[in-house]
Structures are given as structure tokens and as C-alpha cells.
Novice: 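Mind having a look at this structure? Questions to follow.
As a basis for the values below, the full set of heavy atoms in this structure was taken, side chains included, without hydrogen atoms, waters or symmetry mates. On a predicted model such as this, the values are computed, not experimentally measured, just so you know.
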Amino acid sequence: MTNCDDHAGAWTAARGARLPEAAWMARFAALLPPGGRVLDLGCGSGVPVARHFLGLGHKVTGIDSAPEMIIRFRANLPKAEAEVADMRTLDLG
């Protein structure tokens, strides 16, 4: 395990699966059309935020600058899209 893997594991464990932002996310989800798209910037492992929106039937794309986090995201949410990118320079076209 590399130092980056250690940090990814520690961050994932510290974040956990709790969803303290559930009220805000419910307000946001209410604005989305059925099957809408969600861009999760700084997605980490995808748990719990991206997983929550996938569970509501939305399409999710996760963006994180740490390749180790994208590996975890893809393992946790194989049906979602995920890319390694820096959100500060991300070109959404």
C-alpha cells in the first residue's frame, strides 16, 4: 500500500457512510428531473453522496484529483462514470 493509498483509506474511513447533508441533498434532488445528471466534484470514494443520488435514479459523474479515490469510486459504484481531474481546471465544454 502506498502513502496515497493510506490517505485514501483514512479519508474513506473518516467520511464513513453517514449523510449529515441529507436535508440539503433532498432539496437539491427535488430540483432535478427524473433520471437527471449529477456532477459530484471532489467525489472521493462515492460514498455516501454519489451513492445516494444513484439510489434516487440519477446518473452520476464523479470527479476527483486523486486516482486512488477514483479507483474506490469505481469499485463502489460501477454503474457511475468517474474521472481523475482537478476541479479547478476542469473544462465542462
Side-chain angles (χ1 to χ4, degrees):
M1 188 178 285
T2 68
N3 191 33
C4 291
D5 291 334
D6 291 343
H7 290 296
W11 185 92
T12 299
R15 175 58 166 119
R18 66 193 183 291
L19 201 55
E21 55 275 84
W24 177 88
M25 289 173 51
R27 289 177 60 201
F28 177 73
L31 300 172
L32 295 170
R37 296 193 54 84
V38 174
L39 178 61
D40 187 354
L41 293 172
C43 64
S45 68
V47 176
V49 175
R51 180 175 68 187
H52 175 77
F53 285 108
L54 282 171
L56 294 175
H58 299 294
K59 296 177 180 112
V60 177
T61 299
I63 302 292
D64 204 290
S65 62
E68 296 80 13
M69 297 310 284
I70 293 299
I71 290 168
R72 291 168 187 265
F73 184 102
R74 289 177 177 152
N76 288 332
L77 307 167
K79 294 184 179 185
E81 297 178 31
E83 297 297 329
V84 175
D86 185 333
M87 71 175 92
R88 297 170 297 178
T89 58
L90 183 64
D91 181 2
L92 299 175

Novice: Side-chain heavy atoms nearer than 4.5 Å, only ILVMFWY residues, links allowed to pass through others: does that put L32 and L19 together?
Specialist: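 Yes, L32 and L19 fall within the same hydrophobic cluster.
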Novice: Is W24 linked to V60 within one hydrophobic cluster, defined over Ile, Leu, Val, Met, Phe, Trp and Tyr using a side-chain heavy-atom separation of less than 4.5 Å?
Specialist: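 Yes, because W24 and V60 connect within a single hydrophobic cluster, where side-chain heavy atoms sit under 4.5 Å apart.
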Novice: Would D64 and S45 satisfy side chain to side chain contact (heavy atoms under 4.5 Å, CB included), going step by step from the backbone distance to the final call?
Specialist: CA-CA 9 Å; D64 204 290; S45 68; over 6 Å; no
Novice: Nearest heavy-atom pair of C43 and I70: which atoms, and what distance?
Specialist: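 Smallest heavy-atom distance, with atoms named: SG-CD1, 3.8 Å.
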Novice: Keeping to residues at least two apart or across chains, list the side chain to side chain donor-acceptor pair (under 3.5 Å) pairs with something in residues 32-44.
Specialist: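 Only R37-T61 qualify under side chain to side chain donor-acceptor pair (under 3.5 Å).
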Novice: If every non-hydrogen atom of F73 is compared with every non-hydrogen atom of G44, which pair is closest and at what distance?
Specialist: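 Shortest heavy-atom contact: CB-O, 3.6 Å.
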Novice: Are the side chains of I63 and L90 in contact, using a 4.5 Å heavy-atom criterion?
Specialist: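 They are in side-chain contact.
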Novice: Give, for atom CZ of R74 and atom CD of E81, the distance between the pair rounded to the nearest 0.5 Å.
Specialist: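 CD of E81 is found 10.0 Å from CZ of R74.
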Novice: Output a table of donor-acceptor pairs, distance under 3.5 Å, between side-chain atoms of residues 48-58 and any protein atom two or more places apart or on a different chain; print 'none' if there are none.
Specialist:
residue : atom : partner : partner atom : Å
H58     : ND1  : G36     : N            : 3.1
H58     : ND1  : G36     : O            : 3.4

Novice: With sequence neighbours left out, write down each residue that passes side-chain contact (heavy atoms from CB on, under 4.5 Å) with D86, or none if nothing qualifies.
Specialist: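 Expected list: R88, T89.
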Novice: Group every Ile, Leu, Val, Met, Phe, Trp and Tyr by side-chain heavy-atom contacts under 4.5 Å, then state whether M25 and L39 land in the same group.
Specialist: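 No, because M25 and L39 fall into different hydrophobic clusters, even though each may have its own neighbours under 4.5 Å.
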